[in-house]
Enquirer: 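One structure, as structure tokens, below. Some questions next.
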Amino acid sequence: MKIIIIGATGAIGKHIIAALQKDHEFITAGSKSGDLRVDISAE
Ligand SMILES: NC(=O)c1ccc[n+]([C@@H]2O[C@H](COP(=O)([O-])OP(=O)(O)OC[C@H]3O[C@@H](n4cnc5c(N)ncnc54)[C@H](OP(=O)(O)O)[C@@H]3O)[C@@H](O)[C@H]2O)c1
């Protein structure tokens with residue numbers, strides 16, 4: 001499965017990728033890092 005991970009470079013994101021990378025493909029996203037730039041802040 002192809003999965004978009006917002007916050008992939010963070011502490012939790014790194015663990016999620018490590019746990020799932022064997023079986024899945026990732027697109028990483030963050031406000032300053034990753035394959036895609038997204039800002040999910042509420043303000
Ligand atoms: N670590 C814990 O033990 C823990 C426990 C309970 C809850 N949480 C919550 O889980 C979330 C992630 O925690 P974490 O420890 O992994 O944080 P972290 O290490 O600071 O990583 C945050 C990640 O989110 C991205 N990010 C930050 N602001 C963003 C924005 N406005 N839009 C899109 N991406 C953004 C960062 O990349 P960029 O810098 O490129 O944006 C980074 O990849 C936080 O909301 C935290 O409060 C964490």
Side-chain angles (χ1 to χ4, degrees):
M1 186 186 304
K2 191 177 283 188
I3 304 170
I4 295 177
I5 306 279
I6 299 172
T9 58
I12 291 178
K14 286 177 183 171
H15 284 287
I16 290 172
I17 288 182
L20 301 178
Q21 66 183 358
K22 179 171 162 286
D23 301 312
H24 301 284
E25 182 181 346
F26 298 102
I27 299 167
T28 58
S31 67
K32 292 174 274 194
S33 61
D35 302 320
L36 304 175
R37 295 290 174 276
V38 295
D39 185 349
I40 61 166
S41 58
E43 297 163 15

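We use all heavy atoms of the structure for the numbers below, so side chains are in, but hydrogens, waters and symmetry mates are not. Counting starts at 1 for both ligands and their atoms, following the listed order. Numbers here are sequence positions counted from 1.
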Enquirer: For atom 26 (N) of ligand 1, is the nearest protein heavy atom closer than 4.0 Å?
Expert: no
Enquirer: Of all the non-hydrogen atoms in the protein, which one sits nearest to atom 24 (O) of ligand 1, and at what distance?
Expert: G7 CA, 3.3 Å
Enquirer: Which residue supplies the protein heavy atom nearest to atom 32 (N) of ligand 1, what is that atom called, and how far is it?
Expert: I40 N, 3.0 Å
Enquirer: From atom 44 (C) of ligand 1, is the closest protein heavy-atom distance below 4.0 Å?
Expert: no
Enquirer: Establish whether atom 7 (C) of ligand 1 and some protein heavy atom are separated by less than 4.0 angstrom.
Expert: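 No; the ligand atom in question lacks any protein heavy-atom contact below 4.0 Å.
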Enquirer: So, does T28 use its side chain to make a donor-acceptor pair with the main chain of D35 at under 3.5 Å?
Expert: yes
Enquirer: Report the nearest protein non-hydrogen atom to atom 31 (N) of ligand 1: residue, atom name, distance rounded to 0.1 Å.
Expert: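 Sorting protein heavy atoms by distance from atom 31 (N) of ligand 1 puts D39 OD1, 2.8 Å first.
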Enquirer: Could you check whether atom 39 (O) of ligand 1 has a protein contact, counting only heavy atoms that fall below 4.0 angstrom?
Expert: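 Under the 4.0 Å cut-off, atom 39 (O) of ligand 1 does have protein heavy-atom neighbours.
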Enquirer: Protein heavy atoms near atom 16 (O) of ligand 1, is at least one of them under 4.0 angstrom away?
Expert: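 Answer yes: something from the protein, a heavy atom, is under 4.0 Å.
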Enquirer: Among all protein non-hydrogen atoms, which one is nearest to atom 10 (O) of ligand 1, and what is the separation to 0.1 Å?
Expert: I12 CD1, 3.6 Å
Enquirer: Could you tell me the residue and atom name of the protein heavy atom closest to atom 21 (O) of ligand 1, and the distance to it rounded to 0.1 Å?
Expert: G10 CA, 3.1 Å
Enquirer: Which residue owns the protein heavy atom closest to atom 33 (C) of ligand 1, what's the atom, and how far is it?
Expert: V38 O, 3.2 Å
Enquirer: Could you list which atoms of ligand 1 come closer than 4.0 Å to a heavy atom of T9?
Expert: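 By the 4.0 Å cutoff, the relevant atoms are 37 (O), 42 (C), 43 (O).
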Enquirer: Looking at K32, which atoms of ligand 1 are within less than 4.0 Å of one of its heavy atoms?
Expert: 38 (P), 39 (O), 40 (O), 41 (O)
Enquirer: Counting only heavy atoms, tell me which of A29, A11, A8 gets closest to atom 19 (O) of ligand 1.
Expert: A11
Enquirer: What atoms in ligand 1 come closer than 4.0 Å to a heavy atom of I6?
Expert: 33 (C), 34 (N)
Enquirer: Could you check atom 29 (C) of ligand 1 against the protein and tell me its nearest heavy-atom contact, residue, atom and distance included?
Expert: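 Looking only at protein heavy atoms, the one closest to atom 29 (C) of ligand 1 is S31 OG, 3.9 Å.
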